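No hydrogens, no waters, no symmetry mates; every other heavy atom, side chains included, goes into these values. Values in this document were obtained by computation on a predicted structure and should not be read as measured data.
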Protein chains: 2
Amino acid sequence: MECTNFQEYLKSNVGFSNSQFRELLPYLELEEIPKGKIIESKVGYDGNLFFVDKGLLRFYSVDVMGKERILQFAPENWFIGDRSNLQAMDANSPLYAYNIDAIEDSIVVRLTKDFGEKISKIAPQFTAINERLLQNHIVHLQHRINLLIGSSVRERYEDFVKMYPNLLQRVPQWMIASYLGVTPEGLSRVRHNIAKGE
Amino acid sequence: MECTNFQEYLKSNVGFSNSQFRELLPYLELEEIPKGKIIESKVGYDGNLFFVDKGLLRFYSVDVMGKERILQFAPENWFIGDRSNLQAMDANSPLYAYNIDAIEDSIVVRLTKDFGEKISKIAPQFTAINERLLQNHIVHLQHRINLLIGSSVRERYEDFVKMYPNLLQRVPQWMIASYLGVTPEGLSRVRHNIAKGE
DNA sequence: AACTGTTCTTAACATAAGTCAATCATTTCC
DNA sequence: GGAAATGATTGACTTATGTTAAGAACAGTT
């Protein structure tokens, strides 16, 4: 099992050389996630962050009624993870269980705390890049909130199509509906209107 | 004009001593923002991040129809800023202009790039703390998205009341409505139902 | 105190989206 | 290949929320 995409990512974004990557290799935990399988979070690792080397994952919550709400899709070269540390998950709010599972057969790199410390030593510029990554994520989430609080389902769907045309092919429609905050029937109707109305 | 809250914040969260803070002082830009005034973003500073030392600010977008959508409130000891760098604001998406203005007379600390570099030298642990801060922000935004895509206005309002009971007193209701993604009339109705239905 | 502009509430009505149920299409699995 | 599960569409009906408009409460100003 290889992680060519991760190596490529580090090369082009962090400026990793092949030898630097070889130095990092022992700290990498690769995991194969077959379609439908939930990634188990390991206790002791804070954060449980993953790099998707191949495939497609989703991050979602399940409420008390069993309804799923999809918070994020992660295709190749994306990071995904439940960032809520245990401290935040106090006894008062066991309202939502967050899960990550595979929409397609996937391969992920598990990024442990050890890994974070190691890579910062090998390539100190990683810290700054990581910060930029987090900032981008925040901008991205804000954009989504902006649409959710002020735009119609149709606008949100059209934004999704523009932003992730490739996911459109790979993600079942009912999951896109969940991501957009609409029922599958609702999204179907919106698509119908777009098709005939234009 | 002083920034006692910021000093206190650095002391308790970053472990700053008074002398360390004195070393940092020359790099701090304090600004007084009277109620209603928009913070001008300065070109050349990337990010325009602020620490709210006193008062209350809001971060919001304005769409083509002139409608405001409130993305964040920031009372004392919170950070607020437009993190979208110019690169992300490309010509294809001049859809939303983001603004920050003051809901109450406020005092903010403008955190420039210079400041970031300086503080990292004075207190290296700041980097890690900053990362945790960003992570928390992400968790927070995810929680909000979770509510927006799957909960009713009533549930969102009750969550807001639980999370920010103090803001309830300080923020006009129509702004809370905007934050929750509902019209002022809609929120008024929901509050009415809560009052009589319980 | 009267004036002006906000903010909040209330009501009647309109509409987008949810729910339920049936049908059809597609994939998966013996 | 057929059966069974899953996914998408469509229609009838319901409901939550938006829209418009009016008035009430309140704040700030002269």
I'd like to know if Tyr157(A) and Leu167(A) are part of one continuous hydrophobic network [Ile/Leu/Val/Met/Phe/Trp/Tyr, side-chain heavy atoms within less than 4.5 Å].
yes

Between [X] ([atom1]) and [N] ([atom2]), how many Å, whole number?
X: Asn193(A); N: dA16(C); atom1: CG; atom2: P; value: 9 Å
X: Ile194(A); N: dA16(C); atom1: CD1; atom2: C1'; value: 14 Å
X: Ile149(A); N: dG18(D); atom1: CD1; atom2: P; value: 12 Å
X: Gln173(A); N: dT6(D); atom1: CD; atom2: P; value: 18 Å
X: Glu68(B); N: dT7(C); atom1: CD; atom2: P; value: 10 Å
X: Glu104(A); N: dT28(C); atom1: CD; atom2: P; value: 12 Å
X: Tyr157(B); N: dA16(D); atom1: OH; atom2: P; value: 19 Å
X: Ile103(A); N: dG7(D); atom1: CD1; atom2: P; value: 11 Å

Are more than 12 heavy atoms, taken from residues, nucleotides or ligands other than Phe79(A), located less than 6.0 Å from that residue's CZ atom?
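Yes, because the 6.0 Å sphere around CZ of Phe79(A) holds more than 12 heavy atoms from other groups.
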
Go through Arg22(A) and Ser17(A) one step at a time and tell me if the side chain to side chain donor-acceptor pair (under 3.5 Å) criterion holds.
CA-CA 9 Å; Arg22(A) 242 174 280 120; Ser17(A) 68; over 6 Å; no

Among the nucleotides dG7(D), dT17(D), dT9(D), which one has an atom lying closest to any side-chain atom of Arg191(A)?
dT9(D)

Answer yes or no: is there an ion pair linking [X] with [Y], defined by an N-O contact shorter than 4.0 Å?
X: Arg189(A); Y: Glu185(A); value: no
X: Asp101(B); Y: Lys37(B); value: no
X: Glu104(B); Y: Lys54(B); value: no
X: Lys162(B); Y: Glu155(B); value: no

Within residues 175-187 of chain B, which residues have any heavy atom lying less than 4.0 Å from an atom of DNA chain C?
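Contacts with DNA chain C under 4.0 Å: Glu185(B).
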
Using a 4.0 Å heavy-atom cut-off across all strands, classify Arg189(A) as base, sugar-phosphate, or nothing.
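Base, at least one base atom sits under 4.0 Å.
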
Scan Val190(A) against the nucleic acid and name what it touches under 4.0 Å (heavy atoms): base, sugar-phosphate only, or nothing.
nothing

Indicate whether OP1 or OP2 belonging to dT10(C) is found under 4.0 Å from a side-chain N or O atom of His192(B).
yes

Please state whether the rings of Tyr9(B) and Phe6(B) are parallel, tilted or perpendicular, taking 30° and 60° as the class boundaries.
parallel

Determine to 10° how strongly the helix from dA1(C)-dT30(D) to dC30(C)-dG1(D) is bent, judged from the axes of its five-pair ends.
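Rounded value for the end-axis angle: 50°.
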
Within 45° of the ring axis of Tyr98(B) and under 6.0 Å from its six-membered ring centre, is that where the NZ or CZ of Arg83(B) lies?
no

